[in-house]
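Because only heavy atoms are used, hydrogens play no part in the values below, and waters and symmetry mates are left out as well, while side chains stay in.
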Amino acid sequence: MFSRFGHKSKDKDQKDKKEKDEKKKEKKEKKEREKKEKQREPMTQEEMSRLDEVKKGIFRRVSDRDKKRSIRKSSPQEEGVPRDSSDSSISSGGHKSPSVEELPKPQSVRPVPEPRKFPPTTAPKPKSILKAKSSNPQSVTSDPQKLQENTITNCLNAHIVGEQNGEIKHSVINGTGESSPELPTSPPKSPPETSHEKSFNAKLKLPDIIPPKPPRIRELVLQRQPTGGFGFSLRKGIITEKGSGDEETKHFVIFAEPGSGPKAPQTGLIPGDRLVEVNGVNVQTMTREEVVEIIQKSGDVLCISVQPIPELIELSVRPALDGGKIEIQDDVVKGGTLKRSVSLRYKKGARSETEVQTEKEWMESEKVWLVHKGGFASACVLKANGMSVLPEGRLRIKLDHAGDTLDVDEDDVEKANPPQYDRAEDIAALRFINESSALHILRQRYGANLVHTYCGPSLAVINPMHPISIYSEKVMQIFKGCKQEDMPPHIYAMGQITYREMLQSRSDQSVVFMGRSGSGKTSNSRHVMQYLITAAGSVANILTVEKLTAVSTLMEAFGNSRTILNTNASRYAQLTTLDFDHSGQISSASVQVFMFEKSRVVRRPEGEPSFHVFYQMLAGLDSALKTELQLNSLNEPNMFMTPLQRTEDKQKAMMQWGKICTSMDQVGMTEDEKKAICHVLAAIYHLGVAGAIKGQNNKPQFAKPGSAQKAASLLGLSSEELLRQVFSSSGSSTLTRGASTRSSPAHKQEEGLTNAIEALEGFVIGLYSDVFNAVVSLINRSLSSNYRTSTSISILDTPGFQNPSSCGRQTGATFEDLCHNYSQERLQLLFHDITFTMQQDKYSQEGITCDFEFVTSSPASMVSLIDKPAQQNLIKNTSQEMKDSERKGLLWILDEESMFPGATEDSFMDRFFTHHGEQKVRRDSLLRKASTLGNTFILNHFQGTNPVQYNASGWLKGCRDNPNMKVATQVLQDSKRQNINELFNSVKAPVAGMVSGSIVGMEGSASLRRVGSMRRTFMSGTAGLKKRSMCLQVKFQVDSIIETVRKTKCHFVHCILPQHNAGLWELKTPSVPQDKPGATEEVLMNVTLVRSQIRGSELLDSVRIFRQGFPDNMGFGEFRQRFEGLLSPNNKPAKDLPEKQAILHILDNLDLDKLNYRVGLSQVNLDKLNYRVGLSQVFFRAGALSQLEAARDEKITGTVVAFQARCRGILGRKKLKELRVKHIAISCIQKNVKKFMLIRDWAWWRLFTKVQPMLNVHRTEEQLQEREIEVEHLKSKLEKIERERNEYKQLYEKTDSRMSEVQADLIEEHSTATHASEMLESETAERMQLSKEHKDLQGKYNALKRQAEKIEMELTQDADGNDSVYKDRYERVLRELDITKKRLQKQHEEELETEQHAKKAVEKRVGYVLRELDTETKKR
């Protein structure tokens, strides 16, 4: 029996081996065949002409026949794509790729030149609004022979002209309906961001940039003020007008800006108004001095004409709900703000007949966008009208630009919106929300210098790449107190939305900036903070705009650097928190810094400089300080930096150093503190000049001891002490752990030199890290206060997404780039969770059924690939579950490899691909290995829209801890220079590793008392980080950032790059080769780049959820309180009516479209098409709640006006009554005066006036005594009350202090309870899962038991038979069981023996240690 089974298994093994050999042979033959195809010579001109003749002849014979039958066949989906660096990306979003039609192969095919290969595309194309995609999508073939055959066949059938590795070219149809085939042409080189869009054999052009229609010129009449002016100021500025091509025109204009302040007169001017005429004289070409002279010569009345500039046109012209335009009336903005201007948008009158006719003609034209690889083109759908009938799923369109007619798939077109939506403020306001329409809006607005666009609840900001005049204090004033619907899209509007919501909800808010490097995140975050400071004000001027500018200047100087993507790139993540008191004023602030790239001071990519402060200090120091720092000679080579050489660069750096010094004064730095920072910076420079070499006896030393002496003098220690501190640990450093032991002297010398250089680099990194931490601590010292706070607004600015290959660097991204990209992925996951997951959960909890599909893809897969820890599940049912649980993320694998002796980048790559590279590479793969370079791999970030190639060389060394960083901290704290010693002993030491800076609460500040638990979380997390490796610090710091922001209400700002080199616009003007098709159009905006950013950030998906869902919600109680007043007194619900019924009654009687809202879980007796009643909240569609708020404001305004009228009437009648009393009094006085004039000379009257005062003397004395007694009584009573007041005051202070402590304890207990509840829920879920698995196993056990009983019964019945099959099986199982028992017993004995030996060794070691301890104890 066993021999038969053994033969079968052996035959099976041989068969499998044979199949594997055959597969290897086939792969080898295929590679050789592909190699031969590549070496094949291209076709000659004669062969090409002959091919044309064959095509024309065959086309005439088969064209009629092909019209009667379908020519499309499905091709099997390609399982994977080769791992090659030319494959630029793999989609991870789970979207289907567009279908590709493949035609039958002809019997004989003439060889044609191999088509040019292009990188396969990955970014998913959104579904068409005309028809759903085909259920059988087909992928693109990559076989060269197959491509050649398909090219010929497609040309013969006159449908698809060519297919080139994912790019499909369609035939052009002339006006008569006949097809004219053409040979495929080579498309332009695809950009780094890839897409699934097709290429068409037609002249495709992006829509022209249509400038906005200039608003009306407003005429204002101003009166001269008592101060002598007219209440406005003049400012000269420059505006830039963009053309459709690479044309920018700059104009000098004079702005007439309104006055600022509460006492400023109401002039009717709007920020951005340019002066056109003064007293009828055109002043557009005059200078500012000439205009001032004309105004001074005016009388008491001044007539001016103004017109808004294009950048700020939306302050005076707003869109209506139907896409039309509404001009803001002068009386609305006379108050200097846009408050309550939203009502105009809901009150637009009926449209004219011309507008209706234009709208009807546009609807009949069926305008669409043709989506292609280079962008989109405007077209219209053609009806049949006698033309050839197209197969199902195909459309015939006519391009608006060239008039060509194309037959395309329905998935290749998207519906266009009416022209009035070309510059819509909000993408969610479009009739048809699709990708091309969104890109069209962004491009049209960008061409008109409108760089801000609402995307539902988020804001999209495109880098303007030139200065624009839209940021000023006057512009801030006009946004104060406004709601979102009152304000046009602007970064100040986002600040106002956040501030208003904080005041209304009394909850913490946050503004999160996301985008690529160079997209303007830092600049926009500064604009938000400037607006909040201006709009809210601060207590005791704790934070002003000037101080904010100083903080930004210092942070940019010490933490920013120029990269290949950005001239001023932040190399750290910054979380700025503004704390507000109960009145809404800023009471304190703090700056938290994470993931500081401090290693950049010694190591950085080739061609990139160090931090700005070094070059600015070397160029801007005065002669005295330069002599003190011994920086007079800068000609020696420096291993860390090279001073500036160009004169203009030195001048700019000198000016910037002056700003740095001024900023240090504004944040309260003393002269000693400033000198201490300069001394350390100069010491770093001298250490770079000193260098490191191996000296005598193979000991490390400085290459230039003179420079080392200068550094030691500046740091406050001797040169011998500096030498010992820097190189004492280099000989035993664990930084360099090679894969093998180097035994040769040359190798030992090289390794020693490497250790010496690494020791010096670690020391310098520690010095600069301490300097940066000191600067942040001093900034926090100037921003802290003891005032009470209630709420806060956090502004999160992180380094942008890094893809160096987009700007020409092909060596691969660094580990620091991976860290910044990981943080952006986490922010994108946060955006996904808040926008989609939390909304879906809220709908589920309230029972809201939505008629749309939620987004199924998520950035979680990429985040898991980077930071997933190994799971510790108790039960693993299958081997796949075991593999998944043991699979770790990149950071964890790198952490283990960095600590393992002998590990190299090769071993790291092997482990990484062992964990995540087992599956065959497909289009949805997140990870691929690049084959052209060494330790390189490709990660498809942002769901496959942005592939980045990383180079892992040097990662292990960078992730290992350098002990000299801690040595540098000790050197600074023990310095003999008093200023350095005091400065670095007064601030907390930075966290070792990649994290540096000041964390809230670590400086002992008394601010932010209400978030004491949050401070404790950061401090405990920091203590835990010190025990982790440097690469894991990245994960835990990002976890801290996300957890902090998640506790607030998040507002997202998406910053978008219009060009790959937009971050370098200050250095040079971006240009595109003009010989490239579409080059002129791409100068303004790279549409494919913007498209990939929109897809990766899920902006359109969030807009669809915002538009189709119910983003606005309000609790029953709040809704009834706010909107019950809109009903008439007779329609108001009764007070004792249940809350749900009252809400239904209010909604039924409001003038609101019932389809615009839904209410929680539904009841059976209600109309489900209109609204639903649920648990606790009312849900509204976008804009519905704004209409209710506008109606409420209008009614409240009317009520207030009526109340003011009644009050004025009462005051008027009261004043009239007072006037009547005064009139009677005057009459009485006149009458008495007349009588007095008659009797004043009467003798008796004179006697009476003399005697009367004597009669009252005694009475006055009595009254005086009574008053004195009363005063004494009041004094005693006052003293008693004063004592009681002091007692109550002391009691109040004690109670208040106790209450603060209790609140802090309550917050901590609440956090603990929340954590415990989460643990309980997870444990309950795990227990339920284990219970379910137990039940399943119990069921399987019972089934197996019954089967065993059945088999045993059959064995009993067949016990007498000789040929019983069960008996043989039973005997075989018994034998196998005996063998297994013996094997397990042997294995157990071996393991037991091993454990016993280990136990003896441990006991021996413990005994040895105990003896040593006893010996030491006896010695003591």
Side-chain angles (χ1 to χ4, degrees), residues 211-225 229-239 241 251-261 264-286 288 290-292 294-320 324-345 347-349 423 425 448-450 468-470 472-480 482 486-488 490 492:
K213 182 180 178 181
R216 64 184 177 90
I217 297 177
R218 308 195 316 275
E219 296 183 357
L220 304 176
V221 178
L222 307 178
Q223 300 291 333
R224 189 179 292 275
Q225 302 296 318
F230 290 94
F232 70 97
S233 60
L234 298 180
R235 179 174 63 88
K236 187 176 181 181
I238 302 175
I239 61 174
E241 296 181 359
H251 300 284
F252 287 95
V253 297
I254 298 177
F255 294 99
E257 296 184 332
S260 59
Q266 298 181 359
T267 59
L269 290 170
I270 302 176
D273 282 342
R274 64 183 183 92
L275 200 58
V276 179
E277 292 182 354
V278 176
N279 292 331
V281 180
N282 193 312
V283 296
Q284 297 186 65
T285 58
M286 294 184 181
R288 183 179 182 276
E290 294 174 348
V291 176
V292 171
I294 295 176
I295 295 175
Q296 291 176 348
K297 293 180 179 179
S298 301
D300 295 336
V301 178
L302 179 68
C303 298
I304 62 174
S305 299
V306 294
Q307 187 180 31
I309 60 175
E311 290 90 339
L312 295 172
I313 191 175
E314 291 180 328
L315 295 179
S316 56
V317 180
R318 301 297 309 283
K325 302 296 181 183
I326 298 178
E327 293 192 2
I328 304 298
Q329 301 299 323
D330 296 340
D331 54 351
V332 176
V333 296
K334 274 190 175 181
T337 180
L338 293 175
K339 285 193 298 185
R340 293 188 293 275
S341 63
V342 66
S343 58
L344 299 175
R345 303 170 63 186
K347 290 184 176 181
K348 186 180 179 182
R423 280 178 297 276
E425 293 181 352
N449 283 332
L450 303 174
I468 51 178
S469 302
I470 62 174
S472 66
E473 185 180 355
K474 305 296 177 61
V475 179
M476 296 180 193
Q477 296 292 335
I478 206 166
F479 285 98
K480 279 188 178 180
C482 297
D486 294 330
M487 301 177 290
H490 197 284
Y492 293 158

J.: Can you name the nearest heavy-atom pair linking Asp300 to Phe230, along with the distance?
T.: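 In terms of heavy atoms, the two residues are closest at O-CE2, 3.9 Å.
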J.: State, yes or no, whether a side-chain contact exists between Ile270 and Pro308 at a heavy-atom distance under 4.5 Å.
T.: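 Ile270 does not reach Pro308 side chain to side chain.
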J.: Can you name the residues that form a side chain to side chain contact (heavy atoms under 4.5 Å, CB included) with Ser472, not counting sequence neighbours?
T.: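 Here the qualifying residues are Lys474, Val475.
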J.: Starting at CD of Glu473, measure out to OH of Tyr492 and round the result to the nearest 0.5 Å.
T.: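 Between atom CD of Glu473 and atom OH of Tyr492 there are 9.5 Å.
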J.: What's the shortest heavy-atom distance between Glu311 and Asn449, and which atoms?
T.: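 Looking at all heavy atoms of both residues, the shortest contact is OE2-ND2, 3.2 Å.
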J.: Which is it for Val301 and Gln223 under the side chain to side chain contact (heavy atoms under 4.5 Å, CB included) test, yes or no, and what are the steps along the way?
T.: CA-CA 5 Å; Val301 178; Gln223 300 291 333; 3.6 Å; yes
J.: Can you check side chain to side chain contact (heavy atoms under 4.5 Å, CB included) on Leu302 and Val221, steps first, answer last?
T.: CA-CA 6 Å; Leu302 179 68; Val221 178; over 6 Å; no
J.: Run the numbers on Leu222 and Ile304 for side chain to side chain contact (heavy atoms under 4.5 Å, CB included), then give the verdict.
T.: CA-CA 8 Å; Leu222 307 178; Ile304 62 174; 3.8 Å; yes
J.: Who passes side-chain hydrogen bond (donor to acceptor under 3.5 Å, both in side chains) against Asn279, sequence neighbours left out?
T.: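 Asn279 satisfies side-chain hydrogen bond (donor to acceptor under 3.5 Å, both in side chains) with Ser298 only.
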J.: Looking at every non-hydrogen atom in both residues, tell me the closest pair between Leu275 and Gln284 and how far apart they are.
T.: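 It is O-CG, 4.1 Å.
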J.: For Arg224, give me all partners under side-chain hydrogen bond (donor to acceptor under 3.5 Å, both in side chains), at least two apart in sequence or on another chain.
T.: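 side-chain hydrogen bond (donor to acceptor under 3.5 Å, both in side chains) check on Arg224 returns nothing, list empty.
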J.: Drop me the distance from Ser305's OG to Asp273's CG, to the nearest 0.5 angstrom.
T.: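 So the gap between those two atoms works out to 11.0 Å.
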J.: For Val253, what residues pass the side chain to side chain contact (heavy atoms under 4.5 Å, CB included) criterion, not counting sequence neighbours?
T.: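 In terms of side chain to side chain contact (heavy atoms under 4.5 Å, CB included), with neighbours along the sequence ignored, Val253 is linked to Ile239, Phe255, Arg274.
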J.: Locate the shortest heavy-atom distance separating Thr267 from Gly231; write the atom from each residue and the value.
T.: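 Distance-wise, the nearest heavy atoms are CG2-O, 3.5 Å.
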J.: Does a side-chain heavy-atom distance below 4.5 Å link Phe232 with Val306?
T.: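 Of all side-chain heavy-atom pairs linking Val306 with Phe232, none is under 4.5 Å.
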J.: side-chain hydrogen bond (donor to acceptor under 3.5 Å, both in side chains) with Lys213: which residues, sequence neighbours excluded?
T.: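 Once residues adjacent in sequence are excluded, Lys213 has no partner under the side-chain hydrogen bond (donor to acceptor under 3.5 Å, both in side chains) criterion.
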J.: What's the shortest heavy-atom distance between Pro212 and Ile313, and which atoms?
T.: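 Residues Pro212 and Ile313, closest heavy atoms: CB-CD1, 4.4 Å.
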J.: Determine, step by step, whether Glu257 and Leu269 satisfy the side chain to side chain contact (heavy atoms under 4.5 Å, CB included) criterion, reporting the C-alpha distance in whole Å, the side-chain angles of both residues, the deciding distance to 0.1 Å, and the verdict.
T.: CA-CA 6 Å; Glu257 296 184 332; Leu269 290 170; over 6 Å; no
J.: Side chains of Met286 and Val281: closer than 4.5 Å at any heavy-atom pair?
T.: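 Side chain of Met286 against side chain of Val281, heavy atoms only: contact under 4.5 Å found.
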J.: Decide yes or no for Cys303 and Glu219: does some side-chain heavy atom of the first lie under 4.5 Å from some side-chain heavy atom of the second?
T.: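 In short, these two side chains do not touch, never coming nearer than 4.5 Å.
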J.: Which atoms form the tightest heavy-atom contact between Cys482 and Met487, and what is the distance?
T.: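 Closest approach of Cys482 to Met487: CB-CG, 3.4 Å.
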J.: Using modelled atom types only, decide if a donor and an acceptor are shared between the side chain of His490 and the backbone of Ile470 within a distance under 3.5 Å.
T.: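 Such a contact is found between His490 side chain and Ile470 backbone.
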J.: Would Arg423 and Glu314 count as a salt bridge (Lys or Arg N to Asp or Glu O under 4.0 Å) if you check the C-alpha gap in whole Å, the side-chain angles of each, and the deciding distance to 0.1 Å?
T.: CA-CA 10 Å; Arg423 280 178 297 276; Glu314 291 180 328; over 6 Å; no
J.: Nearest 0.5 Å, what's the CZ-CG distance between Arg318 and Asp486?
T.: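 These two atoms lie 7.5 Å from each other.
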J.: When you compare the side chain of Glu290 with that of Ile294, does any pair of heavy atoms fall below 4.5 Å?
T.: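 Contact flag for Ile294/Glu290 side chains = no.
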J.: So, using side chain to side chain contact (heavy atoms under 4.5 Å, CB included) as the criterion, who are the partners of Ile254 when residues are at least two apart?
T.: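 Per chain and number, Ile254 pairs via side chain to side chain contact (heavy atoms under 4.5 Å, CB included) with Leu234, Arg288, Val291.
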J.: How long is the gap from OG on Ser469 to CG on Leu312, to the nearest 0.5 Å?
T.: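 It comes to 8.0 Å.
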